[in-house]
Amino acid sequence: MPVLASIEAYADELTAIRHDLHAHPEIGFEEVRTSGIVAEKLQGWGIETHRGIGKTGVVGILHGARGPGRRIGLRADMDALPMDEMTNLPYRSTNPGRFHGCGHDGHTTMLLGAARYLAEHRDFAGSAVFIFQPAEEGLGGARAMLADGLFQRFPCDEIYGLHNAPYNDHGQVRVFPGKAMAGADFFDIRITGRGSHAAMPQVSRDPIVIGAALVQALQSIVSRNADPLEAAVLSVTRFHAGTAYNVIPKTATLAGTVRTFSDELAETIRQRMRTIVAGVASAFDVEIDLDIRRLFSVLENHEAEAAAFADAIGDIVGAENVLTEPKPIMGSEDFADMLHAVPGCYCWVGHKGTVPVHNPGFILDDGILPVGASILARIVERRLAVG
Ligand SMILES: [Zn+2]
Ligand SMILES: [Zn+2]
């Protein structure tokens with residue numbers, strides 16, 4: 001029986017696993033219940049299981065029945081987002097302020113589905129390494145696993161991962177070599193001015209007016225300092241100041257993110273930010289602190305592995321549904337750090353959902369659970385085929 005048919009036979013079980021994870025979401029490095037369920041399932045299928053890699057990460061090792069050989073790593077993320085869910089699903093989040101709004105509950109379930117199938121068939125030479133990663137959403141879960149010696153303790157020759165994509169057509173999968181997702185910095189800015197009565201602005205150093213000027217000035221970096229043919233985003237996403245109608249506050253705090261596909265451009269933007277912040281501070285005679293840090297590397301798929309992944313995906317969804325023309329996105333993904341250590345590839349599996357990820361109304365289509373599981377299982381069978 002082909003992979004997809006085998007896994008579809010227990011699609012209901014996969015859906016039940018996901019609904020349970022969905023109802024009990026945990027954010028980065030707090031995936032205690034989730035990782036416990038993952039470990040229990042892997043052990044139940046006879047897979048050697050290791051916990052506590054990158055705090056709450058789990059790694060499973062499965063040796064094929066056809067002898068020793070190369071090692072293929074499959075990675076899924078497990079964390080939810082710190083936000084409220086606004087759906088009416090019967091299995092909606094029971095944890096206030098926690099929501100699987102990026103569908104990582106689905107990714108975890110797909111990798112479990114692949115692990116179960118591979119453990120039942122073991123029709124390959126070599127090893128499958130199942131990597132269940134914590135804290136993908138900006139908290140550095142991949143780096144934590146790497147720092148814990150992930151690939152020293154569990155060496156892989158190639159690694160693969162995937163993300164659900166409500167913005168692709170259902171049944172289509174996007175996979176291509178080269179730069180696929182942007183690198184990202186997060187930044188925090190603190191303006192320390194002088195508070196006063198709102199009716200006496202002359203004795204204040206108003207951090208709101210200064211912050212507004214700063215936000216505008218920062219927008220000139222992408223429009224005036226970046227090559228128009230190179231993609232870049234600078235978004236200020238937070239601006240907190242003040243508590244009353246008639247009080248000019250003393251401080252304002254801002255935060256946001258920078259995205260690029262080139263490390264050089266990212267450094268240019270950082271330097272311009274520092275210069276503008278220093279200039280605005282001087283112009284308004286206040287102190288402004290800027291903290292900017294690299295959270296995500298550029299995700300770059302390796303050529304040979306991208307071709308192999310496209311072939312395996314074609315086996316599952318049909319070659320006509322594999323979209324291989326390069327179409328990078330400005331979103332970021334910390335699987336990029338694993339791809340710096342081991343060659344591999346990442347793909348997006350399109351589904352019927354119509355609401356984007358990170359939106360409180362996001363709904364993952366359960367129909368892609370067997371598809372994603374089959375893609376992950378198939379790449380192992382293809383890359384570790386005998387003869
Ligand atoms: Zn996300
Ligand atoms: Zn995600």
Side-chain angles (χ1 to χ4, degrees), residues 18 21-22 25-31 34-35 38 54 56-57 74-87 93 95 97-112 131-145 159-168 173-175 180-186 233 235 237-238 255-259 295-299 301 327-339 344-351 353-366 368-369 371-373 375-376:
R18 185 183 86 82
L21 296 177
H22 190 88
E26 296 168 304
I27 60 166
F29 295 123
E30 294 179 7
E31 306 95 333
T34 306
S35 62
V38 165
T56 41
L74 303 174
R75 174 273 203 180
D77 39 18
M78 300 188 288
D79 57 321
L81 286 160
M83 63 189 285
D84 284 316
E85 176 168 3
M86 303 287 274
T87 74
S93 172
N95 297 344
R98 303 284 184 265
F99 172 40
H100 267 298
C102 206
H104 298 183
D105 50 342
H107 307 163
T108 299
T109 305
M110 289 172 192
L111 185 50
L112 285 172
I131 302 167
F132 291 88
Q133 186 208 297
E136 191 283 326
E137 297 286 1
L139 295 171
R143 288 176 191 180
M145 290 192 93
I159 49 168
Y160 298 90
L162 57 76
H163 206 289
N164 77 91
Y167 24 79
N168 276 10
V173 180
R174 194 174 290 283
V175 60
M181 298 183 77
D185 290 0
F186 284 178
V233 171
S235 293
T237 55
R238 203 192 294 158
T257 180
V258 174
R259 310 284 169 124
L295 263 289
F296 295 93
S297 310
V298 176
L299 186 142
N301 288 323
K327 205 177 168 192
I329 63 170
M330 297 309 288
S332 296
E333 162 61 66
D334 76 357
F335 185 61
D337 289 319
M338 293 192 184
L339 287 176
C345 186
Y346 193 71
C347 73
W348 293 295
V349 182
H351 65 84
T354 53
V355 179
V357 296
H358 290 217
N359 179 294
F362 168 74
I363 296 176
L364 182 90
D365 166 19
D366 288 317
I368 61 159
L369 297 175
V371 175
I375 287 170
L376 294 171

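Remember, it's 1-based here, ligands and their atoms both numbered in the order they're listed. Predicted model only: the values in this text are computed from it and were never measured. These values consider heavy atoms only, across backbone and side chains, with no hydrogens, waters or symmetry-generated copies.
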Self-check item: Metal-centred angle, NE2 of His104 through the Zn ion (ligand 2) to NE2 of His163, rounded to 10 degrees
Solution: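 Rounding to the nearest 10 degrees gives 120°.
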
Practice problem: Please note down the angle at the Zn ion (ligand 1) between OE1 of Glu137 and NE2 of His358, to the nearest 10°. | Solution: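 About 90° at the Zn ion (ligand 1).
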
Practice problem: If the plane angle is over 60° it's perpendicular, under 30° parallel, otherwise tilted; pick one for His107 and His163. | Solution: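 Perpendicular, since the angle between the ring planes exceeds 60°.
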
[X] to [Y] - nearest heavy-atom pair and separation:
X	Y	result
Asp185	Thr257	O-OG1, 2.9 Å
Pro134	Met78	N-CE, 4.1 Å
Leu81	Cys102	CD1-N, 3.9 Å

Exercise. Output yes if Cys102 passes the N/O/S-under-2.8 Å test against the Zn ion (ligand 2); output no otherwise.
Key: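 Cys102 does place an N, O or S atom closer than 2.8 Å to the Zn ion (ligand 2).
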
